[in-house]
Peer 1: 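Submitted below is the structure of interest, expressed as structure tokens.
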Amino acid sequence: MADALELKSVSAGYGETVVIEDINLAIKAGESISVIGRNGVGKTTLLATVMGHTALHAGTLALNGRDLARVPPYRRALAGLGFVPQEREIFPSLTVLENLEVGARAGHWTKERVFELFPNLKERLSNMGNQLSGGEQQMLSIARALLTNPTVLLMDEPTEGLAPVVVETLTAVLLRLRGESDLSIILVEQNSRVAFEFSTRTLVMDKGRVVYDGESATLRDDPERLAKLIGVSE
Ligand SMILES: Nc1ncnc2c1ncn2[C@@H]1O[C@H](COP(=O)(O)OP(=O)(O)O)[C@@H](O)[C@H]1O
Ligand SMILES: [Mg+2]
């Protein structure tokens, strides 16, 4: 079977500027991985490249064996990519219910299943998007992406800026999502503790390149190596 998502020798950026270089990455159906790395190393650019929001300078991308290069960004969601952007991008003047229904498609993820994961949202269906707390907006953004019934879900720093207790709630939801219905997930995280708990495989990026692709536990148990990889200067 083809990998759910496969990037080969991908270089991409903004206009002429190359930000990520020579990225090779294959994710199986149902596999979850985390991507960590300092600010500005290209994590968001990697996800944006999969979604078609950057200039592809070299390499190939395939979703379930289908070449993505000729698929315009607006059709990549239809092709099976779900995206939870770093800015969440909740529609402020739509209700929670309306936000959820934008782009919803039939499949494993129904509103009922999503409300089981996020009971809070069910209580707030008639609230406007901009009346939600940061944590609720994040949950809405994830719920909305799930309802498009993607085969690959990309999440960009979902725990960023949330209170510790909300991070715990959200982490528990992410753990429940892993491997459900063959969903593949790429989780970009600043919080390496969340990343290592989420997936057995972690990628570390530095200066636009993948500098580690392997067991999460290896990095978790070797803080010195981790610090070197993420380029923390002492
Ligand atoms: N829209 C853009 N146009 C030009 N450069 C950008 C844009 N977005 C990000 N960059 C640059 O690309 C590099 C990687 O950024 P980004 O992918 O956001 O990193 P990360 O998500 O790891 O913090 C940074 O140097 C950043 O300034
Ligand atoms: Mg980012």
Side-chain angles (χ1 to χ4, degrees), residues 5-25 27 32-61 68-69 72-74 76-77 81-90 134-135 137-142 144-145 150 152-163 166-167 170-171 174 177 184-199 201-214 216 219-220 225-233:
L5 184 68
E6 185 179 43
L7 278 68
K8 276 190 189 161
S9 309
V10 165
S11 295
Y14 305 94
E16 297 288 301
T17 312
V18 172
V19 171
I20 56 171
E21 253 182 295
D22 195 26
I23 306 287
N24 291 286
L25 172 62
I27 301 167
S32 294
I33 69 163
S34 301
V35 179
I36 61 175
R38 273 174 310 137
N39 257 335
V41 297
K43 304 181 300 296
T44 295
T45 303
L46 173 64
L47 299 190
T49 298
V50 176
M51 294 309 296
H53 298 144
T54 63
L56 185 64
H57 288 270
T60 59
L61 292 88
L68 277 180
Y74 72 94
R76 294 196 190 196
L81 288 172
F83 186 37
V84 179
Q86 199 160 7
E87 304 76 21
R88 292 158 194 166
E89 292 173 16
I90 295 305
Q137 288 193 15
Q138 190 62 66
M139 291 175 197
L140 179 55
S141 187
I142 296 171
R144 183 177 61 186
V152 178
L153 179 64
L154 313 174
M155 288 188 275
D156 200 352
E157 300 202 28
T159 68
E160 189 188 19
L162 302 181
V166 185
V167 172
L170 196 59
T171 305
L174 296 179
L177 273 182
S184 306
I185 302 178
I186 301 181
L187 173 70
V188 167
E189 258 299 338
Q190 275 284 312
N191 185 331
S192 53
R193 188 185 57 79
V194 172
F196 299 156
E197 195 179 350
F198 175 70
S199 62
R201 178 181 170 196
T202 292
L203 260 66
V204 183
M205 290 185 70
D206 191 27
K207 299 192 188 98
R209 291 174 180 269
V210 174
V211 293
Y212 180 90
D213 179 358
S216 305
L219 298 184
R220 187 196 58 211
R225 182 166 181 203
L226 176 63
K228 252 183 214 146
L229 280 169
I230 60 178
V232 177
S233 46

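In listed order, ligands and their atoms are each counted from 1. Excluded from the calculations below are hydrogen atoms, water molecules and symmetry mates; all remaining heavy atoms, backbone and side chain alike, are included.
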Peer 1: Return yes if a side-chain donor-acceptor contact under 3.5 Å exists between T159 and E189, otherwise no.
Peer 2: yes

Peer 1: Are side-chain N/O atoms of T44 and Q86 paired as donor and acceptor at under 3.5 Å?
Peer 2: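 Per modelled atom types, T44 and Q86 side chains form a pair under 3.5 Å.
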
Peer 1: Please check if any side-chain donor atom of Q137 sits under 3.5 Å from a side-chain acceptor atom of R88, or the reverse.
Peer 2: no

Peer 1: Ignoring hydrogens and angles, tell me if any N or O in the side chain of K43 forms a donor-acceptor pair with the backbone of G208 under 3.5 Å.
Peer 2: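 Side chain of K43 to backbone of G208, a donor-acceptor pair under 3.5 Å: no, none is there.
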
Peer 1: Could you check atom 19 (O) of ligand 1 against the protein and tell me its nearest heavy-atom contact, residue, atom and distance included?
Peer 2: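 Sorting protein heavy atoms by distance from atom 19 (O) of ligand 1 puts G42 N, 3.2 Å first.
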
Peer 1: Quick one: look at V19 and ligand 1, take heavy-atom pairs under 4.0 Å, and tell me if it's side chain, backbone, both or neither.
Peer 2: side chain

Peer 1: What are the two closest heavy atoms between L174 and F198, and how far apart are they?
Peer 2: O-CE1, 3.4 Å

Peer 1: Heavy-atom distances under 4.0 Å decide this one: backbone, side chain, both or neither, for R38 against ligand 1?
Peer 2: backbone

Peer 1: Indicate whether the side chain of S199 and that of S34 have a donor and an acceptor atom separated by less than 3.5 Å.
Peer 2: yes

Peer 1: For the pair N24 (side chain) and S9 (backbone), establish whether a donor and an acceptor sit closer than 3.5 Å, ignoring hydrogens and angles.
Peer 2: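 Looks like yes, one N/O pair under 3.5 Å.
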
Peer 1: What's the shortest distance from atom 17 (O) of ligand 1 to any protein heavy atom, and which residue and atom give it?
Peer 2: T45 OG1, 2.5 Å

Peer 1: Can you tell me if an N/O/S atom from T45 lies under 2.8 Å from the Mg ion (ligand 2)?
Peer 2: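 No, since none of the N, O or S atoms of T45 sits under 2.8 Å from the Mg ion (ligand 2).
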
Peer 1: Would a search of protein heavy atoms around atom 27 (O) of ligand 1 find one under 4.0 Å away?
Peer 2: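 False for atom 27 (O) of ligand 1.
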
Peer 1: Considering only heavy atoms of N39, which atoms of ligand 1 have at least one such atom less than 4.0 Å away?
Peer 2: 23 (O)

Peer 1: To the nearest 0.1 Å, how far is atom 11 (C) of ligand 1 from its closest protein heavy atom, and which atom is that?
Peer 2: Y14 CE1, 4.3 Å

Peer 1: I'd like a table of donor-acceptor pairs (distance under 3.5 Å, sequence neighbours excluded) in which one partner is a side-chain atom from residues 48-61, with atom names and distances.
Peer 2:
from : atom 1 : to  : atom 2 : distance (Å)
T49  : OG1    : T45 : O      : 2.7
T49  : OG1    : T54 : OG1    : 2.9
H57  : NE2    : G15 : O      : 2.9

Peer 1: Taking both backbone and side chain into account, is any N, O or S atom of Q86 nearer than 2.8 Å to the Mg ion (ligand 2)?
Peer 2: yes

Peer 1: Give me the nearest non-hydrogen protein atom to atom 25 (O) of ligand 1 as residue plus atom name, then the distance to 0.1 Å.
Peer 2: G40 O, 4.1 Å

Peer 1: So, regarding T44 and ligand 1 (criterion: nitrogen or oxygen to nitrogen or oxygen, under 3.5 Å), is there a contact or not?
Peer 2: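 Yes, there is a polar N/O contact under 3.5 Å.
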
Peer 1: Does the protein come close to atom 4 (C) of ligand 1 - that is, does one of its heavy atoms sit below 4.0 Å from that atom?
Peer 2: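 So atom 4 (C) of ligand 1 has protein heavy-atom neighbours under 4.0 Å.
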
